[in-house]
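Whatever order the structure lists ligands and atoms in, that order sets their numbers, starting from 1.
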Amino acid sequence: KHNPQGDTHFLEDESTKIFARKVADHYSARTNQTLEEREASPIIHLKKLNNWIKSVLIQLYAKRGDAVLDLACGKGGDLIKWDKAKIGYYVGIDIADGSIEDCRTRYNGEADHHQRRKKFSFPARLLCGDCYEVRLDRVLADDAPFDVCSCQFAMHYSWSTEARARRALANVSALLRPGGIFIGTMPDANVIVRKYREAEGLAFGNSVYWIKFDEEFSEKKFKSSNPFGIKYKFHLEDAVDCPEWIVPFHVFKAMAEEYDFELVFVKNNHIFVDEYMKKPEFVELMRRLGALGDGNQDQSTLSPDEWEVAYLYLAFVLRKRGQPDQT
Ligand code: SAM
C-alpha cells in the first residue's frame with residue numbers, strides 16, 4: 001500500500017511464477033505411457049516425425065565425445081539419440097520434477113517401456129530447475145563448457161517476460177564453448193499469427209490441436225522489439241495443455257546476437273522435412289521410425305491434421321561466436 005509501484009511489480013512477478021508452475025505441473029502430471037498406449041495415440045505419427053527432426057539435428061551437429069546440455073529435457077526422450085551420437089557427457093534440466101524422475105528412471109534403464117535395461121555409454125547429471133530463471137552458469141560451473149546445447153519444443157516457455165527470455169539466452173551463451181552449437185525447435189510465430197488472422201475469433205485448430213488467444217492479438221506488440229508475454233493456450237491431443245508464448249523469430253535472432261550467437265539456419269518443420277528427406281540416410285531413419293509410412297499398405301502414416309501441427313513449429317541452429325580452443 002505504501003508503494004503501489006512495488007506492488008505492481010510484485011504482482012507481475014507472481015503471475016509469471018504462477019504460469020511457470022502451471023507449465024511445470026502440466027508436464028509433471030503426464031505419466032509415462034506403455035508402448036500400447038503410445039501406439040494408440042492420435043498423434044503417434046507426429047511424435048515419430050518430431051523424433052526424426054530431433055534425430056536429424058543431433059546427427060548433424062553432435063560429435064563423438066561432446067559434452068551436451070539438454071535444456072527442458074523432459075522425460076529424457078532424446079537420451080537414445082544422444083547415445084547414438086556417442087556423446088561423452090550429458091546434463092539434462094527440466095522444471096517438472098515428475099519428468100526428471102522419469103528421465104532418471106530411463107537413464108538407469110529401469111521399468112522402461114521403450115527400451116529394456118539399456119545402459120547409456122555416457123555419464124549424466126539430471127537436475128530439476130527453472131532454466132529461464134536460475135543462473136545456470138553458477139549451478140553448472142564445474143560441468144561447463146558444453147559443445148552442444150539442445151532445447152527441444154521448449155524455448156517458447158521463456159518468452160513470458162523479457163527477463164526470462166534473456167536469462168534463457170544468457171544461460172546457453174555462458175555455458176557453451178566458443179564455436180559451440182545451440183539446436184532447438186519451437187513454435188513458428190509467423191504461422192500461428194497467420195492462422196489467427198485467417199480465423200474468425202480468438203481460437204483455431206483441427207481434430208488434434210487448438211490454440212486460443214486470451215485477448216485480441218496485438219499486431220503492434222508482435223512487430224515491436226518488446227513482444228514478450230503474448231500468451232495463448234495450446235492444446236495438443238494426448239500431449240500438451242498449457243499456456244505458451246509467441247516468439248517472433250526476428251526478435252529471438254536479434255537478441256541471440258546480443259549474446260554472441262550467429263544464426264546458422266531457421267526452417268519451418270515442413271521445409272525441414274522436405275529438405276532432409278532428400279538425403280538417403282535420413283530417409284532410412286524415417287523408414288525405421290515409421291513416421292511417414294513406407295508406401296506399404298499395412299503401415300499407416302501421418303494424418304493431414306498431424307501434418308498441419310508440424311507446420312506450427314520451426315527448427316533453428318545457432319553458433320556461439322569464436323574459435324574453439326586449439327590447445
Ligand atoms: N525437450 C523434451 C522433448 O523434446 O521431448 C520435452 C519437450 S516438452 C514439449 C516441454 C518441456 O519443457 C517440458 O518437459 C517442460 O517441463 C519443460 N519446461 C517448460 N518450462 C521450463 C522451464 N522454465 N525450465 C525448464 N524446463 C521447462
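- Ring centroid separation for the pair Tyr157 and Phe19 does not come in under the 6.0 Å cut-off.
- Remark: ligand 1 and Asp130 share an N or O pair separated by less than 3.5 Å (distance only, no angle test).
- Not close to ligand 1: Lys75, with no non-hydrogen atom less than 4.0 angstrom away.
- Taking distance alone, with nitrogen or oxygen atoms compared against 3.5 Å, Asp70 stays at or beyond that limit from ligand 1.
- Contact between Cys151 and ligand 1 is absent, with no heavy atom of the residue lying under 4.0 Å from the ligand.
- Taking each heavy atom of Ala24 and Ala96 in turn, the nearest pair found is O-CB, 3.6 Å.
- At a 4.0 Å cut-off, not a single heavy atom of Ala24 sits close enough to ligand 1 to count as contact.
- Residue contacts with ligand 1 include Ala72, since one of its heavy atoms falls under 4.0 Å from the ligand.
- Nearest to atom 27 (C) of ligand 1 among the protein's heavy atoms is Ile95 CG2, 3.3 Å.
- At a 3.5 angstrom cut-off on N or O pairs, Ile93 does not count as close to ligand 1.
- Atoms of ligand 1 lying under 4.0 Å from any heavy atom of Gly129, numbered from 1 in the order shown and given with element: 24 (N), 25 (C).
- For the pair Asp94 and ligand 1, the shortest N or O to N or O distance falls below 3.5 Å.
- A distance of 6.0 Å or more separates the ring centres of Tyr89 and Phe122.
- Of the N or O atoms in Tyr132, none lie within a sub-3.5 Å distance of an N or O in ligand 1.
- Under the 4.0 angstrom criterion for non-hydrogen atoms, Arg164 is in contact with ligand 1.
- Every N/O-N/O distance between Leu71 and ligand 1 stays at or above 3.5 Å.
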